[in-house]
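Encoded as structure tokens, the structure appears first; notes follow it.
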Amino acid sequence: MAFVVIGVLLVLAKLLDVWPVLMWSWWTVLAPFGLAILWWAWSDSIGSPQRAAVRQMEAKRVARRLKAMEALGIKRKR
């Protein structure tokens, strides 16, 4: 996400003729978008988003189970 934000800021600076960015080539200004694509491809290839989704679903399942146990009056063990 940081690469996308940096890319948008650089494009805006290039379009608004901000001095140091004005002298840079468009390839340099657009490079953060390419880096973002590479980052997302690498992240997806190692399964990072899937692991995060599984952790989130597991936390919801545990919370739902604890809430159901409390509703039934069952005390949980520590």
Side-chain angles (χ1 to χ4, degrees):
M1 186 66 171
F3 287 126
V4 174
V5 172
I6 292 169
V8 169
L9 291 175
L10 287 176
V11 167
L12 285 174
K14 179 81 170 175
L15 293 175
L16 295 174
D17 295 335
V18 176
W19 172 65
V21 181
L22 178 64
M23 301 301 183
W24 299 350
S25 73
W26 275 103
W27 288 107
T28 307
V29 172
L30 296 176
F33 294 113
L35 292 173
I37 291 170
L38 290 174
W39 173 260
W40 285 327
W42 177 77
S43 176
D44 284 346
S45 71
I46 64 169
S48 180
Q50 182 64 30
R51 281 195 301 271
V54 168
R55 278 193 301 265
Q56 186 179 14
M57 287 181 357
E58 179 68 20
K60 286 181 181 180
R61 185 187 67 81
V62 169
R64 203 171 43 244
R65 182 173 179 265
L66 291 175
K67 184 178 176 183
M69 288 175 65
E70 285 179 13
L72 292 172
I74 300 172
K75 295 188 181 220
R76 68 178 206 205
K77 295 179 184 177
R78 291 200 176 231

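In what follows, every heavy atom counts, from backbone to side chain, and hydrogens, waters and symmetry copies are set aside. This chain uses plain numbering: 1 for the first residue, then up along the sequence.
- The distance from atom NZ of Lys14 to atom CH2 of Trp26, rounded to the nearest 0.5 Å, is 6.0 Å.
- Ile6 and Val18 end up in different hydrophobic clusters when Ile, Leu, Val, Met, Phe, Trp and Tyr side chains are linked at under 4.5 Å.
- Leu9 and Val29 end up in different hydrophobic clusters when Ile, Leu, Val, Met, Phe, Trp and Tyr side chains are linked at under 4.5 Å.
- The side-chain heavy atoms of Phe3 and Leu38, taken from C-beta on, include no pair separated by under 4.5 Å.
- Residue Val21 comes nearest to Leu10 through the heavy atom pair CG1-O, 3.7 Å, listed as atom of the first residue, atom of the second, then distance.
- Just one of Val5, Val11, Leu12 meets the side-chain contact (heavy atoms from CB on, under 4.5 Å) condition when paired with Val8; it is Leu12.
- Put simply, CE on Met57 and CZ on Arg64 are 9.5 Å apart, with the number rounded to the nearest 0.5 Å.
- A distance of 13.5 Å separates CE of Met23 from OG1 of Thr28, quoted to the nearest 0.5 Å.
- Side-chain contact between Trp40 and Val4 is present, with at least one heavy-atom pair separated by less than 4.5 Å.
- With sequence neighbours left out, Glu58 forms a side chain to side chain donor-acceptor pair (under 3.5 Å) with Arg61.
- Residues Trp39 and Leu30 share a hydrophobic cluster, clusters being chains of Ile/Leu/Val/Met/Phe/Trp/Tyr side chains in contact below 4.5 Å.
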